[in-house]
Amino acid sequence: MRRRSLLLAALPAGLVTLAGCGDGKSDSSKAGASPSSSQSSTPPPKIVDGPLPAITAGVKFGEKPTVAKGTGEPSKNLAVKTVIAGSGRTVAENEFIQANYLGQIWDTGKVFDNSYDRKSPLVMQLAQGSIIDGWRYALAGKKTGSRVEIAVPPALGYGESGQPQAGIKGTDTLVFVIDLIDVFSSKSSAQGKAVTQSDAGLPKVATNTDGKVPEVTLPKADPPKKLVSVYVLEGDGPEVKADQTVLCQFQGLVWDGGKTFQQTYGSGRLSQFSIGQMQQTVKGLAQGLTGKKVGSRVLIVVPPDLAYGDNPPSGGVIKKGSTLVFTVDILAAM
């Protein structure tokens, strides 16, 4: 089973998912046993430049670091140091970051979690309630390509309750080394290479990469009877696996009439959902995304038997027997 990070929360309530396709309401995706933050947000902390333990091995960006045990008393403030300065996009609060990281306890040097061994960077929202406040305040304003080391006092981590399942006490200061790989916002789009759209029986999808909704032109023809999943823009990232969670922009339309029933483009939000959960809701969408490359825009046409069939969501534009059309920009997968 794919191990979930201690840092990753259930989806923020304001994030669109597809579980409620018919009514446009957001829905939460369930995470693992441990939420990202066990306490309410604190006021903005004072940020200091130390003390911080030395990184003794794995000193390059992307390498798993080895970090010395903390010496003396840690600061009661948030200690932040940019170890390697990147030159990419600046991270802003409420955006999604993709990062590798290692976390350990100041007093003992015990590593309680790291993404390097999983060979799967974390994708998380830098938002209140979604991630511990130490990360939220330390990483905002940093650039992708940066390695950042931070020491997080309990009040900005897991609070007085700690995280017993990880061996973290309520008095523990936590040390993290974080490699910021990428950042995604509501204006992000797939950036893949355009693929020729030559099938006259399929919708034509625009190839704009400006974060705006891509126009979909539906053919004056009957919809295909079988699932269709084809590239509009083909990325060069890893293929999405059936046990992963994807971060994406998307829109969903009904073939008959072309009405949009839900979309993230232009809404100020992104969508994040697990392929496994989507398999239980809109099976064809889950199947259409599996095996496609991260960084791609995909056209997926879902026949009724792999969508809602004779049981569509009430009150929406999806009717019994509706064929659904999706365009999905796969921004990241974890």
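For clarity, every value in this text was computed on a predicted model and none was experimentally measured.
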Peer 1: Quick one: OG on S120 to CE on M334, what's the gap to the nearest 0.5 Å?
Peer 2: 6.0 Å
Peer 1: Specify the closest pair of heavy atoms between A206 and V232, including all atoms of both residues, with the distance to one decimal.
Peer 2: O-CG1, 4.0 Å
Peer 1: Taking CD in E215 as the centre, count heavy atoms belonging to other residues, nucleotides or ligands within less than 6.0 Å. Is the count above 12?
Peer 2: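 Not more than 12 within 6.0 Å, no.
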Peer 1: Testing E149, K142, K143 one by one against T82 for a side-chain hydrogen bond (donor to acceptor under 3.5 Å, both in side chains), which residue passes?
Peer 2: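 When E149, K142, K143 are each tested with T82, the side-chain hydrogen bond (donor to acceptor under 3.5 Å, both in side chains) holds only for K142.
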Peer 1: Rounded to the nearest 0.5 Å, how far does CG of N100 lie from OG of S115?
Peer 2: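 CG of N100 is found 3.5 Å from OG of S115.
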Peer 1: I'd like to know whether CG of D305 has more than 12 heavy-atom contacts from other residues, nucleotides or ligands below 6.0 angstrom.
Peer 2: yes
Peer 1: Do the rings of F326 and F250 sit parallel, tilted or perpendicular, given the 30° and 60° boundaries?
Peer 2: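 Taking F250 first and then F326, their aromatic rings sit tilted (interplane angle of 30° to 60°).
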Peer 1: Mind running side-chain contact (heavy atoms from CB on, under 4.5 Å) on I275 and V240 for me, showing each step along the way?
Peer 2: CA-CA 9 Å; I275 298 296; V240 174; 4.0 Å; yes
Peer 1: Specify whether F176 and W135 have parallel, tilted or perpendicular ring planes, treating 30° as the upper limit for parallel and 60° as the lower limit for perpendicular.
Peer 2: perpendicular
Peer 1: Go through the side-chain N and O atoms of Q249 and T264 and say whether any donor and acceptor fall under 3.5 Å apart.
Peer 2: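 Yes.
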Peer 1: Carefully, step by step, assess R136 and Q128 under the rule side-chain contact (heavy atoms from CB on, under 4.5 Å).
Peer 2: CA-CA 7 Å; R136 185 162 69 95; Q128 180 181 337; 3.9 Å; yes
Peer 1: Is the cationic atom of K212 (NZ for Lys, CZ for Arg) positioned less than 6.0 Å from the six-membered ring centroid of Y265 and within 45 degrees of its normal?
Peer 2: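 Judged by the rule, K212 and Y265 form no cation-pi pair.
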Peer 1: Decide yes or no on salt bridge (Lys or Arg N to Asp or Glu O under 4.0 Å) for R118 and D113, but give the supporting numbers first.
Peer 2: CA-CA 10 Å; R118 294 193 289 272; D113 198 10; 2.9 Å; yes
Peer 1: Measure across P154 and T173 and return the closest heavy-atom pair with its distance rounded to 0.1 Å.
Peer 2: CD-OG1, 3.9 Å
Peer 1: Check the pair W255 / V301 against side-chain contact (heavy atoms from CB on, under 4.5 Å), numbers first and verdict last.
Peer 2: CA-CA 9 Å; W255 182 287; V301 182; 4.0 Å; yes
Peer 1: Determine whether a donor-acceptor pair (N or O, by modelled atom type, separation under 3.5 Å) exists between the side chain of Q125 and the backbone of N94.
Peer 2: yes
Peer 1: Between V177, T56, N114, V111, which is the residue that forms a side-chain contact (heavy atoms from CB on, under 4.5 Å) with P65?
Peer 2: V177
Peer 1: So which atom in S229 and which in V298 form the shortest heavy-atom distance, rounded to 0.1 Å?
Peer 2: OG-CG1, 3.5 Å
Peer 1: Who pairs with E234 by side chain to side chain donor-acceptor pair (under 3.5 Å), at least two apart in sequence or on another chain?
Peer 2: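 Side chain to side chain donor-acceptor pair (under 3.5 Å) check on E234 returns K293.
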Peer 1: Would you please test L289 and V328 for side-chain contact (heavy atoms from CB on, under 4.5 Å) and show each step?
Peer 2: CA-CA 8 Å; L289 287 174; V328 185; 3.8 Å; yes
Peer 1: Can a side-chain donor-acceptor contact be found between Y116 and D179 if the only test is distance below 3.5 angstrom?
Peer 2: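 The criterion, which ignores hydrogens and geometry beyond distance, is satisfied for Y116 and D179.
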Peer 1: Salt bridge between K320 and D310, side-chain N to carboxylate O under 4.0 Å?
Peer 2: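 Salt bridge flag = no for D310 with K320.
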Peer 1: Applying side chain to side chain donor-acceptor pair (under 3.5 Å) as the test, list every pair that has at least one member in residues 62-80; sequence neighbours left out.
Peer 2: K64-D117
Peer 1: Checking side-chain polar atoms at under 3.5 Å, does D182 have a donor or acceptor matched by the opposite partner on T144?
Peer 2: no
Peer 1: Would you call D49-K81 a salt bridge at under 4.0 Å N-O?
Peer 2: no
Peer 1: Of all heavy-atom pairs between L156 and I132, which one has the smallest distance, and what is that distance?
Peer 2: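 Here L156 and I132 meet closest at O-CB, 3.8 Å.
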Peer 1: Would you confirm whether D172, through its side chain, and K169, through its main-chain N or O, come within 3.5 Å as a donor-acceptor pair?
Peer 2: yes
Peer 1: Please answer whether the main-chain N or O of V205 pairs with a side-chain N or O of R297 as donor and acceptor at a distance below 3.5 Å.
Peer 2: no
Peer 1: Once you round to the nearest 0.5 Å, how far does CG of L227 lie from CD of Q287?
Peer 2: 6.0 Å
Peer 1: For Q263 versus T260, what's the shortest heavy-atom pair and its separation?
Peer 2: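 Nearest heavy atoms, Q263 then T260: OE1-CG2, 3.7 Å.
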Peer 1: Should W106 and I47 be counted in the same cluster of Ile, Leu, Val, Met, Phe, Trp and Tyr side chains packed under 4.5 Å apart?
Peer 2: no
Peer 1: How close do A151 and P153 get, heavy atom to heavy atom, and via which atoms?
Peer 2: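 So the two residues come closest at O-CD, 3.6 Å.
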